Q: 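Mind looking over this structure? Questions follow.
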Amino acid sequence: MNSSTGALPVVVIGAGPIGLAAAARLIERGIEPLVLEAGPAAASAVRDWSHVRLFSTWSEVTDPAAEKLLAPTGWVKPDGAACPSGGQWAERYLQPLADVLGDRVRYDATVTGVSRAGRDRIVDADRESRPFVIHLTGPGGEERIHAHAVIDASGTWSTPGPAGGSGLAALGEKAAADRISYRVPDLKDTSVRARFAGKRIAVIGSGASAFTALAYLADLAGSEDGEGTHATWILRRGISGSTFGGGEADQLPARGALGLAAKAAVDGGYADAVTGFRTDAFERDGAGRVVLVGEDGRRLDPVDEVIVLTGFRPDLSFLDELRLGLDERLQAPIALAPLIDPNQHSCGTVYPHGAGELSHPEEDVYLVGMKSYGRAPTFLAMTGYEQVRSIAAALAGDREAAERVELTLPETGVCGGAGLFDEPEAAEQGRGGCCAAPAAPHPATGSGTAPSSGRRRTSVAAGTPAAGTA
């Protein structure tokens, strides 16, 4: 942190779980944060999936520094054994935390650009001594704020991936927008329920969100008003022993149960799986229904609705004047990318990491939370809490604390090798998975998984946040 800009706040972009935890950690370090939230309330993105239940318990989804801020208000931590919904997480923890932060959180503040004051990304001269300048729009119009560091916790919720197998929208995808949803539907909402009840629905995707959608649709099909509801589950790769996750071997039991619920939907006949299908086009039949066409020319039976759950992407447009070091595949920080690359493994297991792995050529800029994972599909809230703990220590000049690991991550219980182009035969036989067998001990740590920055690992007591969202 440059001494000439130290009197300025650290700007945190996004008042979601990780952004608010970053503010709490900065306050703990005596650093003043300013949180800019584009929505009208805290955790606006979380509220969009308020009907979805987390696969982690209350004891695993709160940050210790945040709990300390909340304690004097009389806040009582909910039952640690229960798994909250997104709505409960927002209302019973995230909004109260934002309320405690008070004027340090600004709503309806959309960041449109971040740069160095008086320096575009080309200019070297005197760059590191210049404060950051943040352009935003709010109720009063355009505004400019200066900061001595920037923590981008804006997430990826606003930029879902398209259905097209090439990474671009499929032909006709935009024209079929009236039949497409890019979110897990809230089937408790009567109007949404009526849209899907008794219909044939295509679900595109293979992650936790797809599992959730399949389980919800199976429940609908088994209900009195949902007779005739049927899902076609479309996967870009084959089905193997790892497709449905770790099941009972998953150290987050609710995460394992989610995959088993999706398997039950298929086994129970509520969903048919179509494998190796990469969507190329959306067409309409004579009744206006959607026909999905694959890159290999296959044409699927018509469906009434399509739920596209192919992951999310980081919006990097407003960071274009900063010198970021991002992996060319994942759009994640270069040092972090090898730990989370789904080309290498599907299990989602990653060594805890912090400021070292998240640093960029532009000093004092950090992408955290879901945004730090770029296009990688699996992220745990506990990972984000550890990220911002380390970053706050680094900004305070406490290098020892920044490099120390204060987290032990739960295992998924499965790794089927590459998560993008798997070989089902190898996965079934336990071959090719990056986590199939312990690696040789790392000379610096003795661990089978080598941290990229040599951070020291410290196991934590029970109750440390170990959260994951669907």
Side-chain angles (χ1 to χ4, degrees), residues 1-14 19 22 26 29 31-36 109-137 142-154 156 159 313-341 353-369 371-375 387-388 390-403 451-455:
M1 184 171 62
N2 191 288
S3 60
S4 64
T5 61
L8 296 172
V10 171
V11 163
V12 179
I13 305 173
L26 290 168
R29 287 284 182 172
I31 301 172
E32 190 65 17
L34 175 61
V35 183
L36 302 176
T110 301
V111 174
T112 59
V114 181
S115 185
R116 291 280 186 178
R119 300 289 185 272
D120 62 23
R121 68 183 297 164
I122 297 175
V123 180
D124 291 332
D126 197 32
R127 186 176 189 85
E128 298 301 330
S129 68
R130 308 291 296 183
F132 292 96
V133 59
I134 294 90
H135 286 206
L136 63 120
T137 58
E142 293 183 312
E143 190 176 345
R144 182 184 295 121
I145 292 173
H146 288 92
H148 71 73
V150 176
I151 299 175
D152 183 357
S154 60
T156 58
T159 49
R313 301 172 175 186
D315 178 7
L316 301 168
S317 60
F318 61 88
L319 303 177
D320 195 48
E321 291 304 319
L322 297 178
R323 298 175 177 180
L324 301 180
L326 298 175
D327 178 76
E328 66 272 15
R329 294 177 298 278
L330 299 185
Q331 297 177 299
I334 289 174
L336 175 60
L339 306 180
I340 60 176
D341 189 349
H353 56 276
E357 293 85 350
L358 299 171
S359 62
H360 293 276
E362 195 80 69
E363 186 179 351
D364 293 338
V365 171
Y366 299 96
L367 277 59
V368 301
K371 194 160 188 176
S372 71
Y373 270 39
R375 297 192 181 198
Q387 288 177 340
V388 297
S390 172
I391 288 168
L395 291 173
D398 189 344
R399 181 175 179 180
E400 189 277 331
E403 294 180 352
S452 64
S453 66
R455 298 176 73 217

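Treat the numbers as computed from the prediction; the structure is a model and nothing was measured.
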Q: At what distance, to the nearest 0.5 angstrom, does CG of L136 lie from CZ of F318?
A: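 One finds 11.5 Å between CG of L136 and CZ of F318.
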Q: To the nearest 0.5 Å, how far apart are OG in S372 and CD1 in I340?
A: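 Answer rounded to 0.5 Å: 6.5 Å.
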Q: Decide yes or no for V365 and F132: does some side-chain heavy atom of the first lie under 4.5 Å from some side-chain heavy atom of the second?
A: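 Result yes, sub-4.5 Å side-chain heavy-atom pair found.
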Q: Mind checking the CG-CZ spacing from L26 to R29? Nearest 0.5 Å is all I need.
A: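 Interatomic distance, L26 CG to R29 CZ, rounded to 0.5 Å: 10.0 Å.
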Q: For the residue pair A393 and A401, what are the closest heavy atoms and their distance?
A: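 In this case the closest contact between A393 and A401 is CB-CB, 3.8 Å.
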Q: Determine, stepwise, if the pair V11 / I151 fulfils side-chain contact (heavy atoms from CB on, under 4.5 Å).
A: CA-CA 6 Å; V11 163; I151 299 175; over 6 Å; no
Q: Looking only at heavy atoms, what is the nearest atom pair of V35 and G14, with distance?
A: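 The answer is CG1-O, 3.5 Å.
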Q: Using the side chain to side chain contact (heavy atoms under 4.5 Å, CB included) criterion, which residues pair with D320? Sequence neighbours excluded.
A: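 D320: side chain to side chain contact (heavy atoms under 4.5 Å, CB included) contacts with R121.
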Q: Checking the side chain of R127 only, and the main-chain atoms of D120 only, is there a donor and an acceptor separated by less than 3.5 Å?
A: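 Confirmed, R127 side chain pairs with D120 backbone.
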Q: To the nearest 0.5 angstrom, please state how far the CG atom of L36 sits from the OG1 atom of T110.
A: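 It is 9.5 Å, given to the nearest 0.5 Å.
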Q: So K371 and T156, side chain to side chain donor-acceptor pair (under 3.5 Å) or not? Walk me through it.
A: CA-CA 6 Å; K371 194 160 188 176; T156 58; over 6 Å; no
Q: Does any part of the side chain of E362, heavy atoms only, come nearer than 4.5 Å to the side chain of V150, both counted from C-beta?
A: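 No, every pair of side-chain atoms sits at 4.5 Å or beyond.
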Q: Work out which heavy atom in L395 is nearest to a heavy atom in Y366; give both atom names and the distance.
A: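 Shortest heavy-atom contact: CD2-CE1, 4.2 Å.
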Q: May I ask you to test the L319-L324 pair for a side-chain heavy-atom distance under 4.5 Å?
A: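 They are in side-chain contact.
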Q: Are side-chain heavy atoms of L34 and V12 found at a separation under 4.5 Å?
A: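 Sidechains of V12 and L34: no contact.
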Q: Throw together a table of side-chain donor-acceptor distances under 3.5 angstrom for residues 329-336, partners on residues two or more places apart or in other chains.
A:
residue	atom	partner	partner atom	Å
R329	NE	D341	OD2	3.4
R329	NH2	D327	OD1	3.3
Q331	OE1	R375	NE	3.0

Q: With rounding to the nearest 0.5 angstrom, report the CG to OG distance, D364 to S359.
A: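 It comes to 10.5 Å.
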Q: Determine whether R116 and V123 make a side-chain contact, defined as any pair of heavy atoms from C-beta on separated by less than 4.5 Å.
A: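 SC-SC contact between R116 and V123 ruled out.
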Q: Between P9 and P33, which heavy-atom pair has the shortest distance, and what is it?
A: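 That would be CB-C, 4.5 Å.
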Q: Quick one: are Q387 and E357 in side-chain contact, heavy atoms under 4.5 Å?
A: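 No - every pair of side-chain heavy atoms lies 4.5 Å or more apart.
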Q: I need the L367 CG to L316 CG distance, nearest 0.5 Å.
A: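 Atom-to-atom, L367:CG and L316:CG are 7.0 Å apart.
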Q: Between the side chains of E143 and T137, does any donor sit under 3.5 Å from an acceptor?
A: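 There is no such pair (donor and acceptor under 3.5 Å, judged by atom type) between the side chains of E143 and T137.
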Q: Between E32 and V10, is a side-chain contact (heavy atoms from CB on, under 4.5 Å) present by the stated rule, with each step listed?
A: CA-CA 6 Å; E32 190 65 17; V10 171; over 6 Å; no
Q: Counting only heavy atoms not in E142, do more than 12 sit closer than 6.0 Å to its CD atom?
A: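 No.
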Q: Look only at the side chain of S390 and the backbone of A355, and say whether a donor-acceptor pair between them is shorter than 3.5 Å.
A: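 Pair found, side chain donor or acceptor close to backbone of A355.
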Q: My understanding is that only residues two or more places apart in sequence, or in another chain, count here; which of them pass side chain to side chain contact (heavy atoms under 4.5 Å, CB included) with H135?
A: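 H135 satisfies side chain to side chain contact (heavy atoms under 4.5 Å, CB included) with T112, V133, R144 once adjacent residues are dropped.
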Q: Does any non-hydrogen side-chain atom of V114 lie less than 4.5 Å from one of D152?
A: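 Heavy-atom side-chain distance check fails, nothing below 4.5 Å.
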